[in-house]
Enquirer: 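The structure is given below, and queries will be raised subsequently.
These numbers come from the heavy atoms of this one structure, side chains and all, not from hydrogens, waters or symmetry mates. Proteins get letters first, then strands, A, B, ... in listed order; numbering begins at 1 in each.
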Amino acid sequence: MLPDAAGHASPHGDRAHHPALAHHFDNLAQQSEAATLGMWVFLVTEVLFFGGLFVTYAVYRRLYPAAFAAGSHELDVTLGSINTIVLITSSLTMALGVHAAQMGERKLLMAFLAVTLILGAAFLGIKSVEYYHKFVEHHVPGPAFQFEKEHIRHAQIFFSLYFIMTGVHALHMVIGLGIMLVMFWLAWRGAITPEYYSPIEVSGLYWHFVDIVWIFLFPLLYLLGRHG
Amino acid sequence: MWTGTPLFPESASTMAGRVDALYFFLLAVSIFFSLLIAGLIVFYAIKFHRGDPNAVGGVIHGGMVLEVTWTVVPFLITMVIFVWGASVFFAMSRPPDETLNIYVVGKQWMWKFQHLDGQREINELHVPVGRPVKLIMTSEDVIHDVFVPAFRVKADVVPGRYTHLWFQPNRPGHYQLFCAEYCGTRHSGMIGQVVVMEPSEYQTWLSGGAPEGSLASAGAKLFQDLACNTCHRPDAQGRGPVLEGLFGNTVQLQNGETITVDEAYVRESILQPAAKVMAGFQPIMPTFQGLVTEEQLLELIEYVKSLRGLPQVRGPQRGSRVAVEVQTR
Amino acid sequence: MPPRHYLNNGYGISSWLLTRDHKRIALLYLASITLFFFVGGAFAVLIRLELATPAGDLVSDETYNKLFTLHGVMMVFFFLIPSIPATLGNFLVPIMIGAKDLAFPKLNLASWYIYVLGGVFTLYALVAGGVDTGWTFYTPFSTVSSTTNVIPTALGVFITGFSSILTGLNFIVTTHRMRAPGMTWFRMPLFMWSMYATSLIMVLGTPVIAITILLVAVERLFHFGFFDPRLGGDPVLFQHLFWFYSHPAVYIMVLPSMGVVSELVAAFCRKQVFGYSFVAFASLGIAVLGFLVWGHHMFVAGQSVYAALVFSILSFLVAIPSAIKVFNWTATMYRGSISWQTPMLYAIGFIGLFTIGGLTGLFLAAVGLDVHVTDTYFIIAHFHYIMVGGTLMGYLGGLHYWWPKISGRLYPEFLAKLSAGIIFLGFNLTFFPQFLLGYLGMPRRYHAYPPEFQVLNVLSSAGASILGVGYLLPMLYLMWSLRYGRISGANPWGAVGLEWTIASPPPTENFSETPIVTWDAYDYRKPVAGHVA
């Protein structure tokens, strides 16, 4: 255990303990449970955070259904579907990574983390292509916005919501990629063992959450008005 | 300095007494409970003052009877207050059927009042005593609020929609009007007064006249100038719905919903015509967003309202026309 | 004083700025929130000075609008919301449950840095010319019309919100996972229940204002149109989103203070709090019901009549648990062994002033009456009675009660009692006349007002000057006591609680051995010796 900032050695006595056990916890089990509970609480705050956006979306969709359908029609369902599959697959590889960590399979863990990372990056790449298309088609809200006259005012709201919701989601993906990198480094360093894989588990929770947000975003944004 | 310091507002409307009665009841309840708690605390603090520095208090954990009592009693009292407050609020929210309607447009930082027969006032509103008055209000920019303390009325004035409040003055006089929703730099300067006059004086004031003519007649002219009459024809040959006899009815929309033709619907149909199209008609009406001011919207609305009593001509009509419930207001 | 304790366990600025000790972090917060309190307070002084005369003659209307905006922003987001949780909460939560620290000490330190960063943005907005939207940022004024530094202020509030979220998260996990053996939920001090309920609100409510503020900033920057009717948006939607957080936020402010009062009443009556489980559940009830009443800020905003009635009845219901607490505290005093020391004066002050403030809440929940008094000084008086007469009094009471534990020293008792009295007097003189002004019809956020309102305004301003003195005094003598105060010893009050079983100031690790708890929270059956005159 590293000494604290003031240079005092920690008062261990003779008790040897796991190098990852933090001082204020009694044992690794308590520490892992605390970390997991902490991540769940954090994810609840994220539900509320995105929830505000979903409420705003619901209000305006109810007010302007035709404009929303028209706007949704302009989004690329193919790319969106590919992205959905990419993200779901990345959740699978993440879950497999957690399992590998539990089993102490270090190389397998690193492989799954790497694939998750690549899939996540692919998601963001496809998203950028979509954003670029929107820019070229003048669907970015603002003075350059163009749309069929009938719906132009309210379609602008649709696209504003599209950019904010997918943008905030993408930001969470970027943070997730950063977390994956850190996890990869921990795994490479050999810090993850069957006794201590809590960071992988907790990162997995976060990653699954970001995936689930997309599962809601995709139909609400891309699949409006496409019955049958 | 002490003269001219009122501690209680004037009462000048039929609602004021009801609001004040509720206020005094709440005051009584508050004084009772404040004195009760304060009295008990002071009494206990003295009676049970710590004598011996090592003394501890009695061992008492709680008492179910007390807990239930001081839960149920406040609950009952609050429910009484709720019902009373709700009843006053219902009365405030439901104007009588026959009201003198006046349009209000708020903008930073002034009030524009439009009487139906064309009188325009700035920051001052003349009304007759003893008649219910309904203010139909909108804002040109940010949210404002019309507040007349002597009448005990208040309502936000919101851009993009109409809000309303009503009052019946029961005492002639001059009463302060404030903007009560912060709206920027000169919010505290956005004040005015309501001048309540005896009916005969009000008539005299009214006949001082408005050179521009009534709102409805200005609206009729605008209706022609903007070529609305090319599609909205009284003989049902036009591509738009007949407006005669329409205001106040319940109509069915293209999507199957039914709505009432009120000020908000007329306004929306002018600014966003594709939003709520009547069943049997195509969404081909162009938008007039940016082409009409708030005042012109009010004129057009008053014009459409003035067509209310006219009979509808039912002739051959293109497209299917779903039967319309006639429910004149 | 013990030879080694958390204050001298390491010297130098990095031992403070890089600390993971929850007690040191509490003091970091204490310093920063005190700074914001005095900045926000300075604005209040200027406001009351201006309002002593009816004409707007001290400052321009633009300046006045910035003064009340920044007063509100600083006091709400940078003082009241963090105050008790980040200072007393951070310091006491681990100790009260027998733990060595919070569950996530590094996250705790990060939350302080996030708070400071948010504060920096807001201070930047202040020096760059201020912001004039009101702390409520109503649209479309804030997104379209205001020409001031809305975005830096919005960013500052956005960032600081995460500090609140992380603190709440830390407390929740700590309460669930770090209680010492035998410390069951119902053996915890009531302060812990309040902290837990507060944390639930912090965690569930704050994200909503975060996203709302983000939408305001985006709309202002990119003209997206969520709240601008010219672009198809609904300005009232902002109000729903804003108040969904900002109403529960007032319970974030008052619940911790109620928790403090429970502790003070128990300690200074040396008695179990009457109806412990009722008080505990009342805290949770307030937290839950608090999320259901936001529309009562919008009774005149144009909601439907039925929505208004639903919010009205729920607003009455949320008053009930608060009333239950007041009755239980009063009943605790019956047959107590009551001492009149300063913390108890603050506790009693809280109970009295919170009762008045809460009762005026009933006036506001009654929709027909609210129509007349909303957006007037009645509202201002109402929330200041609760925030200042309530929360701030509880905060000062707690600060004085736990000061010996935090610093190892006693504050000067006579001066402290005097200050409490000055504050009580000054407070009532400042805010009681405002109830009358509100019913008379004086709107809020008015820079100039009709002359017949002057007398009441002068009374209020006079009270404010007294109140200002009352707040300065504790600042001064508490700092003085750090050096010259009498050494307190572990338990100067003769109180019961885990924090009083360890040294004053405590060692960094709090407990040399994890305590095993076999007693109830306020078990005063054995007489406890006190050491204070």
Side-chain angles (χ1 to χ4, degrees), chain B residues 1 4-7 9 19 22-23 26 30 33-34 37-38 40-41 44-45 48-50 53-62 67 70-71 74-75 78 81-82 85-86 88-89 92-93 141-143 145 147 149 152 154-156 158-160 163 178 180-188, chain C residues 61-62 65 134 138 140-141 145 229 235 269-272 274-275 278 300-302 305 309 312-313 316 319-320 323-324 326-327 330 333-339 348 351-352 355-356 359 362-363 366-369 371-372 375 436 439-441 443 445-448 452 455 524-525 527 529-530:
Chain B
M1 189 168 78
T5 296
L7 292 176
V19 173
L22 178 53
Y23 176 72
L26 275 160
S30 306
F33 280 104
S34 306
I37 300 288
L40 280 174
I41 288 180
Y44 290 158
F48 300 111
H49 184 59
R50 183 180 302 168
N54 290 334
V56 296
V59 182
I60 305 175
H61 290 285
E67 298 286 353
W70 64 48
T71 305
F75 174 73
T78 53
I81 303 172
F82 165 68
V88 174
F89 186 64
M92 285 172 162
S93 312
D141 39 41
V142 300
I143 302 182
D145 184 294
F147 175 37
R152 313 286 189 275
K154 183 187 284 115
D156 276 1
V158 183
T163 56
F178 296 115
E181 185 60 62
Y182 174 68
C183 54
T185 310
R186 298 240 304 282
H187 166 62
S188 43
Chain C
D61 40 20
E62 278 175 16
N65 296 338
Y138 270 24
F141 180 73
S145 180
C269 299
R270 289 218 179 124
K271 192 164 167 285
Q272 164 78 273
F274 192 94
F278 285 90
V300 295
V305 171
L309 293 179
S312 169
I313 200 172
F316 283 110
I320 310 281
I324 291 176
V326 169
F327 292 126
T330 310
M333 292 178 70
Y334 173 74
R335 286 184 43 201
S337 162
I338 304 179
S339 151
I348 292 179
I351 297 174
T355 298
I356 296 177
L359 286 168
L362 298 181
F363 287 66
V367 199
L369 187 50
V371 167
H372 177 59
D375 284 319
L436 299 172
Y439 204 77
L440 278 168
R445 297 173 168 171
Y446 262 41
H447 167 231
E452 63 266 28
V455 169
Y524 279 93
R525 271 174 299 182

Enquirer: Would you say the ring centers of Y23(B) and Y439(C) fall short of 6.0 Å from each other?
Expert: yes

Enquirer: If you count heavy-atom pairs under 4.5 Å with chain B, which of K271(C), H447(C), H372(C), Q272(C) comes out on top?
Expert: H372(C)

Enquirer: Does any part of the side chain of I143(B), heavy atoms only, come nearer than 4.5 Å to the side chain of P235(C), both counted from C-beta?
Expert: yes

Enquirer: Can you name the closest pair of heavy atoms from V88(B) and G368(C) and give their distance?
Expert: CG1-CA, 3.9 Å

Enquirer: Name the region of V158(B), side chain, backbone, both or neither, that has any atom closer than 4.5 Å to a heavy atom of chain C.
Expert: side chain

Enquirer: Check whether any side-chain heavy atom of F82(B) sits under 4.5 Å from a side-chain heavy atom of V367(C), and report yes or no.
Expert: no

Enquirer: Hey, are the side chains of F274(C) and E67(B) touching, using non-hydrogen atoms and a 4.5 Å cut-off?
Expert: yes

Enquirer: Counting heavy-atom pairs under 4.5 Å to chain C, which of S188(B), G85(B), A155(B) comes out on top?
Expert: S188(B)

Enquirer: Restricting to non-hydrogen atoms, name the atom on P159(B) and the atom on P140(C) that form the minimum distance, rounded to 0.1 Å.
Expert: CG-CG, 3.9 Å

Enquirer: Can you tell if the side chain of F327(C) reaches within under 4.5 Å of the side chain of P74(B), non-hydrogen atoms only?
Expert: yes

Enquirer: Quick check on the interface: out of A366(C), P443(C), A448(C), G352(C), who has the most heavy-atom pairs with chain B under 4.5 Å?
Expert: P443(C)

Enquirer: Between R445(C) and E181(B), is there a donor-acceptor pair closer than 3.5 Å when you use the side chain of the first and the backbone of the second?
Expert: no

Enquirer: Quick one: CD1 on I41(B) to OG1 on T330(C), what's the gap to the nearest 0.5 Å?
Expert: 4.5 Å

Enquirer: Measure F141(C) against the heavy atoms of chain B and call it side chain, backbone, both or neither at under 4.5 Å.
Expert: both

Enquirer: For chain B, find which of L440(C), D61(C), T355(C) contributes the most heavy-atom pairs closer than 4.5 angstrom.
Expert: L440(C)

Enquirer: With side chains defined as the heavy atoms from C-beta onward, is the minimum distance between R335(C) and Y44(B) less than 4.5 Å?
Expert: no

Enquirer: Hey, what do you get for OG (S30(B)) to CZ (F363(C)), rounding to the nearest 0.5 Å?
Expert: 4.0 Å

Enquirer: Looking at chain B, which one of G134(C), C269(C), A323(C), S339(C) has the largest number of heavy-atom pairs inside 4.5 Å, strictly under?
Expert: S339(C)

Enquirer: Under the ring-ring contact (aromatic ring centres under 6.0 Å, His included) test, which residues partner F33(B), sequence neighbours left out?
Expert: none

Enquirer: I'd like to know if the side chain of N65(C) reaches the main chain of T185(B), judged simply by a donor and an acceptor atom lying under 3.5 Å from each other, with no hydrogens or angles considered.
Expert: yes

Enquirer: Shorter than 4.5 Å, heavy atoms on both sides: which option in L369(C), L362(C), V326(C), I351(C) has the most such pairs with chain B?
Expert: L369(C)

Enquirer: Give, as side chain, backbone, both or neither, the part of I324(C) having an atom under 4.5 angstrom from any heavy atom of chain B.
Expert: both

Enquirer: Using side chain to side chain contact (heavy atoms under 4.5 Å, CB included), reason through I320(C) and T78(B) one step at a time and then give a plain yes or no.
Expert: CA-CA 9 Å; I320(C) 310 281; T78(B) 53; 3.8 Å; yes

Enquirer: Would you check, one step at a time, whether the test side chain to side chain contact (heavy atoms under 4.5 Å, CB included) holds for F48(B) with Y334(C)?
Expert: CA-CA 7 Å; F48(B) 300 111; Y334(C) 173 74; 3.9 Å; yes

Enquirer: Determine the minimum heavy-atom distance between I356(C) and S34(B), stating which atoms define it.
Expert: CG1-OG, 4.1 Å

Enquirer: Verify, without hydrogens or angle tests, whether K154(B) (side chain) and V371(C) (backbone) share a donor-acceptor contact under 3.5 angstrom.
Expert: yes

Enquirer: Report the distance from atom CG of L309(C) to atom CZ of F89(B), rounding to the nearest 0.5 Å.
Expert: 6.5 Å

Enquirer: For the residue pair S145(C) and D141(B), establish whether any side-chain heavy-atom pair is separated by less than 4.5 Å.
Expert: no

Enquirer: Do H187(B) and Y446(C) have ring centres separated by under 6.0 Å?
Expert: yes

Enquirer: With a 4.5 angstrom heavy-atom cut-off, is it the side chain or the backbone of A45(B) that approaches chain C, or both, or neither?
Expert: both

Enquirer: Any idea which of I338(C), V300(C), I348(C), L359(C) has the most non-hydrogen atom pairs under 4.5 angstrom with chain B?
Expert: I338(C)

